[in-house]
Amino acid sequence: MEIRVRCNCGEDKEEEGRCKEWAIVELQGVVEPQPGFHDSLPNLQIGTLCRPSSQEVYTLTIGYHELTGSKVPLKKPMMVLKKVKHSPIDRGESSGCGEVELQVVGIIRHRILFKNRPKALISKPQPTSKERQKSIMLGSVPSNQAL
């Protein structure tokens, strides 16, 4: 069986013969959605990926967790393919099986690797105005300081 691979990258004049660049996001551990989201997994947004500077350092924020990662080149590039089945009726053929074609969607040359544990973004709660007034009235001198 012969499977044709077709690249549409050169058809659009804006792309100028280049396929779209993709990247792999590699996490250490498991990302588990909450039970209510199992029906909508294909379009579920899990976080925000940012590159805060011109360096190859990336930040991924998922809820109250922040991960820091780096861009690493792959040893061998990979292609992202889309399988297209052509029915025999479309081709004007009377044979029973259709033809399968693979279209190149993009090329993966890098991965963004997050190998460290996440940093918690939750900070210590700020004291209320009443708690601040009590500490001022009681004399907020640290116990290890001499008077």
Side-chain angles (χ1 to χ4, degrees), residues 1-91 97-145:
M1 176 179 186
E2 184 179 313
I3 299 175
R4 294 186 330 168
V5 178
R6 183 171 54 126
C7 183
N8 295 335
C9 301
E11 292 180 2
D12 193 6
K13 292 188 180 194
E14 293 176 6
E15 293 180 16
E16 297 179 11
R18 297 193 65 203
C19 288
K20 292 182 181 179
E21 289 282 330
W22 287 40
I24 296 174
V25 176
E26 185 175 333
L27 303 171
Q28 306 297 319
V30 178
V31 177
E32 293 183 3
Q34 294 178 351
F37 290 107
H38 284 293
D39 295 335
S40 61
L41 282 181
N43 295 322
L44 182 63
Q45 180 181 354
I46 62 166
T48 305
L49 181 66
C50 298
R51 190 172 88 181
S53 63
S54 62
Q55 299 173 354
E56 299 300 321
V57 177
Y58 290 82
T59 304
L60 178 63
T61 306
I62 302 174
Y64 294 109
H65 303 285
E66 184 179 79
L67 297 130
T68 304
S70 58
K71 188 175 181 180
V72 180
L74 294 175
K75 291 179 183 176
K76 293 183 179 181
M78 295 191 283
M79 290 192 308
V80 180
L81 302 172
K82 178 181 175 183
K83 186 177 183 179
V84 178
K85 292 183 181 181
H86 298 288
S87 65
I89 299 169
D90 294 340
R91 300 258 180 200
C97 61
E99 189 176 307
V100 176
E101 181 178 84
L102 297 176
Q103 290 181 350
V104 178
V105 178
I107 297 177
I108 303 172
R109 291 190 173 100
H110 296 92
R111 67 182 174 154
I112 302 170
L113 178 62
F114 296 96
K115 60 182 178 181
N116 297 327
R117 290 187 170 270
K119 180 176 73 173
L121 294 178
I122 301 175
S123 61
K124 202 163 67 172
Q126 297 294 324
T128 62
S129 60
K130 288 183 181 180
E131 290 174 352
R132 272 190 246 148
Q133 287 176 355
K134 285 181 185 177
S135 67
I136 293 171
M137 290 188 322
L138 295 174
S140 60
V141 178
S143 60
N144 61 355
Q145 238 180 3

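Remember, it's a predicted structure, so these values are computed and weren't measured experimentally. These values consider heavy atoms only, across backbone and side chains, with no hydrogens, waters or symmetry-generated copies.
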Given the rule in the side chain to side chain contact (heavy atoms under 4.5 Å, CB included) test, do V80 and I108 qualify, once you have shown the distances and angles that lead to the verdict? CA-CA 7 Å; V80 180; I108 303 172; 3.7 Å; yes
Would you please test L81 and V105 for side chain to side chain contact (heavy atoms under 4.5 Å, CB included) and show each step? CA-CA 6 Å; L81 302 172; V105 178; over 6 Å; no
Minimum-distance pair of heavy atoms, taken over all atoms of [X] and [Y]:
X: P77; Y: I107; result: CB-CG2, 4.3 Å
X: Y58; Y: F114; result: O-CE2, 3.8 Å
X: P73; Y: H110; result: CA-CD2, 3.6 Å

So do L60 and L27 actually touch side chain to side chain, heavy atoms under 4.5 Å? yes
Beyond-backbone contact of V84 with L102, side-chain heavy atoms, under 4.5 angstrom: no
Those residues at least two apart in sequence (or on a different chain) that pass side chain to side chain contact (heavy atoms under 4.5 Å, CB included) with E66 are T59, T61, K119, L121
Residues passing the side chain to side chain contact (heavy atoms under 4.5 Å, CB included) test with E21, sequence neighbours excluded, are R18, R109
Per the side-chain hydrogen bond (donor to acceptor under 3.5 Å, both in side chains) rule, what does the pair list look like for residues 67-83, sequence neighbours excluded? none
Of L49, L67, V57, I24, which is the lone residue that meets side-chain contact (heavy atoms from CB on, under 4.5 Å) with I112? L49
Verify side chain to side chain contact (heavy atoms under 4.5 Å, CB included) between V25 and L113, making sure each step is shown before the conclusion. CA-CA 6 Å; V25 176; L113 178 62; over 6 Å; no
